[in-house]
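FYI, side chains are in, hydrogens and waters are out, and symmetry mates aren't considered; it's all heavy atoms of this structure. Counting starts at 1 for both ligands and their atoms, following the listed order.
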Amino acid sequence: MDAPATGTPKPITFADPPLADTEPPRDCPLCPRLAAFRHAVRDEHPDWWNAPVPALGGRGAWLGIVGLAPGKHGAHRTGRPFTGDHAGALLFATLGKFGLATGTYEARADDGLRLTGAVIINAVKCLPPENKPTPEETRTCRRFLQRQVAELPAMRVLVPLGRIAHDSVLRALGEIPSRYRFGHGAEHRLPDGRVLIDSYHCSRYNQNTGRLTTPMFEAVFARATELRAHQMS
Ligand code: SF4
């Protein structure tokens, strides 16, 4: 698990999530193991977010980034995807570099950072023990992912972070994952014209082991913005 960035999180003050009508309730009971874990962490850290983590970004987003699930000291603590952990530092730096975020990322949900043209959605919205949701939990939470991709018609390029996100978002889009082989940088054009560009997850583990380097991660977003330019021309 990632360690907290710094200090005690400030109260969450960000506005209603952009896809509020498609989010699960704070006390979603559909995955008993995850609900029990959520309650246990809430008892331990009552000042944390401790709930399913809503999507971040706007409904007009052209780029969809699909994460796996909240990290304990990141999104589960702060209430904003990827905020407060090691994975978020690389992700938000990269989004800033490619003009997909404005403001300064300060690892807090109230740091004023805004996504521009991008949305971040987790395939599984609750914190899983050891960062590992079961296949059943991923399947159960897909109903929310499915509702959200349906609400984002402008989202023409998707970047799933890791194999589970790749499979789940393909299923959410009505596709059969085995037809699209996961690989870092692999590009898949779907029948409806959307394009998926796979990336290894920007987790601390992948970064520390060198499985994912900053240039490798940036190359995915460079390609996404290149595709966007072609779509606009
Ligand atoms: S992971 Fe999704 S479906 Fe499962 S309890 Fe959380 S919000 Fe509900």
Side-chain angles (χ1 to χ4, degrees), residues 1-2 9 12 14-59 61 64-85 87-88 91 109 115 118-152 155 158-175 177 182 196 201-205:
M1 292 282 179
D2 289 328
I12 292 164
F14 63 96
D16 289 338
L19 301 169
D21 50 336
T22 63
E23 300 287 358
R26 276 192 72 93
D27 260 329
C28 182
L30 294 174
C31 305
R33 185 182 79 119
L34 300 190
F37 192 47
R38 211 170 55 213
H39 294 152
V41 178
R42 183 183 301 162
D43 289 345
E44 195 186 339
H45 301 285
D47 56 332
W48 285 11
W49 175 257
N50 293 315
V53 175
L56 173 67
R59 280 185 185 257
I65 298 151
V66 185
L68 172 58
K72 182 175 180 183
H73 295 281
H76 183 80
R77 176 175 64 94
T78 63
R80 194 176 73 177
F82 288 92
T83 298
D85 60 18
L91 177 61
L115 300 191
V119 65
I120 304 174
I121 305 172
N122 279 328
V124 175
K125 293 183 173 292
C126 290
L127 167 69
E130 299 178 358
N131 293 330
K132 288 182 184 148
T134 64
E136 176 66 11
E137 289 159 354
T138 306
R139 188 192 65 75
T140 301
C141 205
R142 191 171 304 124
R143 70 195 68 192
F144 300 109
L145 178 61
Q146 206 160 11
R147 284 183 206 168
Q148 298 190 320
V149 296
E151 289 292 321
L152 295 162
M155 187 174 67
L158 290 111
V159 174
L161 302 177
R163 174 68 186 272
I164 294 174
H166 163 98
D167 285 2
S168 201
V169 76
L170 281 167
R171 288 190 194 283
L173 290 165
E175 297 295 328
F182 177 83
L196 251 77
H201 195 283
C202 48
S203 65
R204 176 190 291 272
Y205 179 83

Quiz item: Is the distance from atom 2 (Fe) of ligand 1 to some N, O or S atom of Cys141 under 2.8 Å?
Solution: yes
Quiz item: Between Arg147 and Asp21, does at least one N-O distance fall below 4.0 Å, as a salt bridge requires?
Solution: no
Quiz item: With a cut-off of 4.0 Å, which atoms of ligand 1 are near a heavy atom of Val124?
Solution: 1 (S)
Practice problem: Please report which non-hydrogen protein atom sits nearest to atom 8 (Fe) of ligand 1, along with the residue it belongs to and the distance in Å to one decimal place. | Solution: Cys28 SG, 2.2 Å
Self-check item: Interfacing atoms of ligand 1 (cut-off 4.0 Å, heavy-atom, Phe144)
Solution: 3 (S)
Quiz item: What are the two closest heavy atoms between Leu127 and Leu34, and how far apart are they?
Solution: O-CD2, 3.7 Å
Self-check item: Protein heavy atom at shortest distance from atom 7 (S) of ligand 1
Solution: Pro24 CG, 3.5 Å
Self-check item: Closest heavy-atom pair and its distance - Phe144, Lys125
Solution: CB-CE, 3.7 Å
Quiz item: Passes side chain to side chain contact (heavy atoms under 4.5 Å, CB included), Asp27 versus His39? Steps please.
Solution: CA-CA 9 Å; Asp27 260 329; His39 294 152; 3.6 Å; yes
Self-check item: Identified side-chain hydrogen bond (donor to acceptor under 3.5 Å, both in side chains) counterpart of Ser168 within the set Arg139, Arg142, Arg163
Solution: Arg142
Quiz item: Looking only at protein heavy atoms, which one is nearest to atom 6 (Fe) of ligand 1, and how far off is it?
Solution: Cys126 SG, 2.4 Å
Self-check item: ligand 1 atoms in contact with Leu34 (distance to a heavy atom under 4.0 Å)
Solution: 1 (S)
Quiz item: So which protein heavy atom does atom 4 (Fe) of ligand 1 come closest to, and at what separation?
Solution: Cys31 SG, 2.3 Å
Quiz item: Taking the side chain from Arg38 and the backbone from Cys28, do they hold a donor-acceptor pair closer than 3.5 Å?
Solution: yes
